[in-house]
Enquirer: 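Let me begin by handing over the structure; questions about it come next.
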Amino acid sequence: MRTAVFSIVSPNYRHYARTLMASVKHHQPEWERFVLVIGGAAAPGEEFTTVSLDTLTLPSPRQFCFRYTLLELNTAVKPWMFGHLFALGFDRVVFIDPDIQLYGPLVEIEEPPADTLLMLTPHLTGFISGDDFPSERWMLIAGAYNLGFLAVTRQPQLDAFVSWWKRKLEYQCLVDTANGLYVDQKWMDLAPGLFPGVVVLRHDGYNVAYWNLEQRRVTVTDEGVTVNGQPLRFLHFSGFDPDLRLRVSRHHHALMLADIGRVRELYESYRTALRAAGQESFRHAPYPFAAFADGTPISDAARAAYRQSPQRQAACGANPFAHPELFKGLRDAPKRPPLAARAGVASYRFFSRARPLVLLLPKGARTAIREVLLGRREPRIAAASASGAGVNLVGYLSRSSGVGESARGFQRACAAAGIPLQSIDIDAPHETAAGHGISIFHVNADQIAVERERLRRAPGASADDIGVWHWELPELPAHLAAAAAPLREIWAPSAYIQDAIGRAVSVPVVHMPHGVSIGELVSCTPQELGVPSGRFTFLCLFDLASVVDRKNPLGAVEAFRRAFDASSTASLLVKAGGAEGHAAEYAELERQLRGIPNVHLTSRMLPRAQLNGLLASSDALVSLHRSEGFGLVLAEAMALGKPVVATGWSGNMDFMNAENSCPVNYELVPLERSYGNYAAGSRWAEPDVAHAASLMRRVVEEAEFRKRVGALAAETIHSRFSPEAAGLRYFRRLSLLGLLPGGDAR
């Protein structure tokens, strides 16, 4: 197959193109090499063919070049260069960014499926931990695929693809993330759906770069370089500046060369290659489209004004470069002074190293600090605002229980979304009548009728009531289901609850996950509760009022006993709440745990802030529960970056998976007798204690595994289960029901 490979550079990047093409010549010598130089003349003596921009048949070329910045223009011309090379008779054309170096032949693209049109490489083939740059959200903004590499093969649909791409990039190859555009990459997200024959090349040796080094373990040996065990095909040195001696990329302020092990050797060799390729000769070469015809610099603001104004376009005619007078006064915002920028980056690096402590700050505070230090405002998802009307929250706001925390979490989520809220604490006198037209009852099915009857409503207030219900088994009993009749709908904190309740009631049941956050945190260590110092501590945390057999602390104890012998440095702290009201159950638990090495039991009551401190200071959480409606404590531990070993069934599987936690195998078994509201004959899980023991050993013995799981846990909760995310869900649902301004009742 006759193949052309090309890259695109401005004159100041010629040394990058030389370095790239030298590596292509070495590893793919049969490929014919081309470099499109934006505004540069042909250069004889190169080991590639230089193509000038004038060679391409751009539509209205002077206008085309004026409307775009350097980065935008260098990407916008790609489809025209593909068309040019296919017109020369090539069967396949490969584009590679100039800041890439090949380390082996690209054998995976040599024999694609017969109908292959495009071969794309994704930015990510693994999860990113944390919410800092580069995050998975940033990858969504930039595009799913990195167009530093694209292989296109001649197929019947080739002309349709190139024509479509040209239409999109003629006017819409912009860095405009607020409107969903990031140069050419965002458009390519549509290609797998629009065209047959699109292949996503998931080989981890392709497009290794700063944004995926966390997921791709690069191993450098005398025999070669591998990535997650596969050979390195090419490394993308995106943002690498040979003059920045310490940093991997100017785009990533926290990642230092010292942080990446022997991969640093590849960066240092690349630095040497760039200098040998003429860095000093080319680095200051002028960009030919940077100024008007009279030498006045063109600001990005001027280019934006031109794109957005048909009047300016008409006044400029065929050559906007000849009309500086039409853009007077349009200047870009001043950049931060270099000294301030360097100080901000240094401070950001310091805080990045203290990440476990920084994560304790509210997400908004972390974002604000990052923006101030880096001088870069992050794209915002506009928060919903609900002014004029609101909701009544009825719940156990002062009670230390899961249902009480559910109500307090609702308060935080409404505050984050700007939903006006009147809170009514069931445990306090109802002195004020409910003033809003809708009431949200954080009260379970067995108490909803009582609390609806007690609620004082303002004269004329309607009774649009919604219940937020928790339930822990797959079937909701008929006597509880009957309590749903007066409600407009029920909000289920987990998909598991939604399924259980939805099959039993006739009103709508909507999946509305909790917003999880860690509030005030007061120090409280396992050592204060009897665990010797220097121990790796698993925390088993539950309330005796929540049915001991369901919470199954003895399962956690048995798994710990199987995992660790008496000489181990691991400990298990079993903290049982509510002992004062369940003395017999606690005494039995105390009897069964007596004498088991390294297992410690406490019934000490802790204020919420100290309980948060205990979660934060423990090393991992274990819960071999038999069922959970949501699993709030598990989610809170994950928010703190703790590995969670828990039964892989019921409500906690909304936020747990094999990547961000340690789900334990189980089998469903019938209840042999009734436990309170849980009737005999229903089902719950019996966790696999042996599997739990193996997971607990892995958490203790494998530090990298523990770190990765904890980081992904925190990312899951902060990105999908934050108060901001929950508040936005509440606002959208209430608006859809027509219960907030701007809503549309359906």
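Basis for what follows: all heavy atoms, side chains included, without hydrogens, waters or symmetry-related copies.
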Enquirer: Do the two ring centres, one from Tyr287 and one from Tyr13, sit under 6.0 Å apart?
Expert: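 Centroid distance Tyr287-Tyr13: not below 6.0 Å, so no.
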Enquirer: Would you say the side-chain atoms of Asn212 pair up with the backbone N or O of His123, donor to acceptor, closer than 3.5 Å?
Expert: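 Yes: the side chain of Asn212 pairs with the backbone of His123.
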Enquirer: From Leu147 CG over to Lys186 NZ, what is the distance, rounded to the nearest 0.5 angstrom?
Expert: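 So the gap between those two atoms works out to 11.5 Å.
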Enquirer: Counting only N and O atoms by type, is there a donor-acceptor contact under 3.5 Å from the side chain of Glu72 to the main-chain atoms of Leu174?
Expert: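 Absent.
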Enquirer: Looking at every heavy atom in both Ser238 and His251, which two are closest together, and how far apart are they?
Expert: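 That would be OG-CD2, 3.7 Å.
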Enquirer: Using the rule given for side chain to side chain contact (heavy atoms under 4.5 Å, CB included), can you reason through Gln279 versus His15, listing the C-alpha separation, both sets of side-chain angles and the distance that settles it, and then say yes or no?
Expert: CA-CA 6 Å; Gln279 175 190 346; His15 50 301; 3.6 Å; yes
Enquirer: Keeping the roles fixed (side chain from Asp189, backbone from Ala144), state whether a donor-acceptor pair exists under 3.5 Å.
Expert: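 Answer holds: yes.
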Enquirer: Check the pair Tyr267 / Leu235 against side chain to side chain contact (heavy atoms under 4.5 Å, CB included), numbers first and verdict last.
Expert: CA-CA 9 Å; Tyr267 277 80; Leu235 202 154; 3.8 Å; yes
Enquirer: Do Phe234 and Tyr206 pass the ring-ring contact (aromatic ring centres under 6.0 Å, His included) test, and can you show the C-alpha distance, the side-chain angles, and the key distance before you say yes or no?
Expert: CA-CA 5 Å; Phe234 65 80; Tyr206 283 71; 5.5 Å; yes
Enquirer: Any chance you could measure Thr716, atom OG1, to Asn657, atom CG, to the nearest 0.5 Å?
Expert: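 One finds 6.0 Å between OG1 of Thr716 and CG of Asn657.
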Enquirer: For the side chain of Thr221 and the backbone of Gly224, is there at least one donor-acceptor N/O pair under 3.5 Å apart?
Expert: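 Yes; judged by distance alone, with no hydrogens or angles, the pair exists.
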Enquirer: Looking only at non-hydrogen atoms, find the nearest pair between Thr19 and Ala277 and report the distance.
Expert: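 Scanning both residues completely, I find the closest heavy atoms to be OG1-CB, 3.6 Å.
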Enquirer: Rounded to the nearest 0.5 Å, how far apart are CZ of Arg247 and CG of Asp259?
Expert: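 If I round to the nearest 0.5 Å, the distance is 12.5 Å.
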Enquirer: Mind checking the OG-CG spacing from Ser7 to Leu36? Nearest 0.5 Å is all I need.
Expert: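 Interatomic distance, Ser7 OG to Leu36 CG, rounded to 0.5 Å: 9.0 Å.
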Enquirer: For the residue pair Val51 and Leu85, establish whether any side-chain heavy-atom pair is separated by less than 4.5 Å.
Expert: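 No; the side chains remain at least 4.5 Å from each other.
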Enquirer: Any donor and acceptor pair, going by atom type alone, linking the side chain of Lys168 with main-chain N or O of Cys173 inside 3.5 Å?
Expert: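 No: the side chain of Lys168 does not pair with the backbone of Cys173.
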Enquirer: Is any side-chain heavy atom of Leu140 less than 4.5 Å from a side-chain heavy atom of Glu136?
Expert: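 Heavy-atom side-chain distance check fails, nothing below 4.5 Å.
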Enquirer: If you draw the axis of the six-membered ring of Tyr68, does the NZ or CZ of Arg303 fall within 45° of it and under 6.0 Å from the ring centre?
Expert: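 No, cation not above the ring by the 6.0 Å, 45° rule.
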Enquirer: Of all residues at least two apart in sequence or in a different chain, which pass the salt bridge (charged side-chain N to carboxylate O under 4.0 Å, His left out) check with Arg92?
Expert: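 So Arg92 forms a salt bridge (charged side-chain N to carboxylate O under 4.0 Å, His left out) with Glu110.
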Enquirer: Could you tell me if the side chain of Val200 sits less than 4.5 Å from the side chain of Pro122, heavy atoms only?
Expert: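 The answer is yes; the side chains approach within 4.5 Å.
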Enquirer: Should we say atom NZ of Lys166 is surrounded by more than 12 heavy atoms from elsewhere, each under 6.0 Å from it?
Expert: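 Correct, the count exceeds 12.
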Enquirer: CZ of Arg18 to CD of Glu46: how many Å apart, nearest 0.5 Å?
Expert: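 These two atoms lie 4.0 Å from each other.
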Enquirer: If the plane angle is over 60° it's perpendicular, under 30° parallel, otherwise tilted; pick one for Phe292 and Phe66.
Expert: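 Ring orientation of Phe292 relative to Phe66: tilted.
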Enquirer: Quick one, Ser618 and Lys642 - any side-chain contact, counting heavy atoms below 4.5 Å?
Expert: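 A side-chain contact is absent here, since even the closest heavy-atom pair is not under 4.5 Å.
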Enquirer: If you look at every heavy atom in Phe289 and Ile298, which pair is closest and at what distance?
Expert: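 Closest approach of Phe289 to Ile298, heavy atoms only: O-CD1, 3.9 Å.
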Enquirer: At what distance, to the nearest 0.5 angstrom, does CZ of Phe6 lie from CE of Met81?
Expert: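 Result: 6.0 Å between the selected atoms.
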Enquirer: Are Gln172 and Leu181 packed together at the side-chain level, in the sense that at least one heavy-atom pair is separated by less than 4.5 angstrom?
Expert: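 With C-beta onward as the side chain, the pair touches.
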Enquirer: Find out whether Val77 and Phe64 are in side-chain contact, i.e. whether some heavy atom of one side chain is under 4.5 Å from a heavy atom of the other.
Expert: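 Yes, their side chains come closer than 4.5 Å.
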Enquirer: Could you pull out the closest heavy-atom pair between Val152 and Phe82, with the gap in Å?
Expert: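 Scanning both residues, the minimum pair turns out to be CG2-CE2, 3.5 Å.
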Enquirer: Measure from the ring center of Phe240 to the ring center of Tyr210 and say whether it is less than 6.0 Å.
Expert: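 Ring centres of Tyr210 and Phe240 not closer than 6.0 Å.
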Enquirer: Does the side chain to side chain contact (heavy atoms under 4.5 Å, CB included) test come out yes or no for Asn146 and Trp211, once each step is laid out?
Expert: CA-CA 11 Å; Asn146 182 266; Trp211 58 78; 3.4 Å; yes
Enquirer: Whether the Ser269 and Thr272 side chains hold a donor-acceptor pair (N or O, under 3.5 Å, no angle test) is what I'd like checked.
Expert: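 Judged by distance alone, the side chains do not pair up.
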Enquirer: Can the ring centres of Phe95 and Phe149 be said to be less than 6.0 Å apart?
Expert: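 Ring centres of Phe149 and Phe95 not closer than 6.0 Å.
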Enquirer: Does Gln215 use its side chain to pair, donor to acceptor, with the backbone of Thr125 at less than 3.5 Å?
Expert: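 Judged by distance alone, no pair lies under 3.5 Å.
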Enquirer: Heavy atoms only: give me the nearest Arg216-Asp204 pair and the separation to one decimal.
Expert: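 Taking every non-hydrogen atom into account, NH1-O, 3.0 Å.
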Enquirer: Which residues pass the salt bridge (charged side-chain N to carboxylate O under 4.0 Å, His left out) test with Glu170, sequence neighbours left out?
Expert: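 Salt bridge (charged side-chain N to carboxylate O under 4.0 Å, His left out) check on Glu170 returns nothing, list empty.
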Enquirer: Take a 6.0 Å sphere around CZ of Arg262 and say whether it holds more than 12 heavy atoms from other residues, nucleotides or ligands.
Expert: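 Yes, enclosed.
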Enquirer: Starting from the C-alpha separation in whole Å, work towards a yes-or-no answer on side chain to side chain donor-acceptor pair (under 3.5 Å) for Thr69 and Asp300.
Expert: CA-CA 7 Å; Thr69 65; Asp300 291 351; 5.5 Å; no
Enquirer: May I ask you to decide if Phe655's main-chain N or O and Arg720's side chain share a donor-acceptor pair within less than 3.5 Å?
Expert: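 No, Arg720 side chain to Phe655 backbone: no donor-acceptor pair under 3.5 Å.
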Enquirer: Passes side chain to side chain contact (heavy atoms under 4.5 Å, CB included), Thr49 versus Glu32? Steps please.
Expert: CA-CA 8 Å; Thr49 300; Glu32 296 184 47; over 6 Å; no
Enquirer: Other residues, nucleotides and ligands only: do more than 12 of their heavy atoms fall within 6.0 Å of CZ on Phe282?
Expert: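 Counting other residues, nucleotides and ligands, CZ of Phe282 exceeds 12 neighbours.
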Enquirer: Under the salt bridge (Lys or Arg N to Asp or Glu O under 4.0 Å) rule, what pairs show up with a residue in residues 219-241, not counting sequence neighbours?
Expert: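 Pairs touching residues 219-241 that pass the test: Glu108-Arg233.
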Enquirer: Among all residues two or more places apart in sequence or in another chain, which pass the salt bridge (charged side-chain N to carboxylate O under 4.0 Å, His left out) test with Arg264?
Expert: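 Expected list: Glu268.
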Enquirer: More than 12 heavy atoms of other residues, nucleotides or ligands under 6.0 Å from CZ of Arg217: yes or no?
Expert: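 No.
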Enquirer: Tell me the closest heavy-atom pair linking Trp165 and Pro79, and the distance in Å.
Expert: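 Taking every non-hydrogen atom into account, CE3-CB, 3.6 Å.
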Enquirer: Would you please name every residue forming a side chain to side chain contact (heavy atoms under 4.5 Å, CB included) with Asn612, sequence neighbours left out?
Expert: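 Side chain to side chain contact (heavy atoms under 4.5 Å, CB included) list for Asn612, sorted by chain: Ile518, Leu521, Arg608.
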Enquirer: Would the distance check show the side chain of Thr55 and the main-chain N or O of Ser52 forming a donor-acceptor pair, the cut-off being under 3.5 Å?
Expert: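 Checking the backbone N and O of Ser52 against the side chain of Thr55, a donor-acceptor pair under 3.5 Å is found.
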Enquirer: Any side-chain heavy-atom pair from Ser23 and Tyr270 closer than 4.5 angstrom?
Expert: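 No; the side chains remain at least 4.5 Å from each other.
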Enquirer: Pair up each side-chain donor or acceptor in residues 98-107 with any protein partner under 3.5 Å, not counting sequence neighbours, and list the distances.
Expert:
from, atom 1, to, atom 2, distance (Å)
Asp99, OD1, His236, NE2, 3.1

Enquirer: Under a 4.5 Å cut-off applied to non-hydrogen side-chain atoms, are Ile109 and Gln28 in contact?
Expert: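 Not in contact.
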Enquirer: For the pair Ser10 and Asn74, evaluate side chain to side chain donor-acceptor pair (under 3.5 Å) and give the outcome as yes or no after the intermediate values.
Expert: CA-CA 8 Å; Ser10 296; Asn74 275 252; 3.2 Å; yes
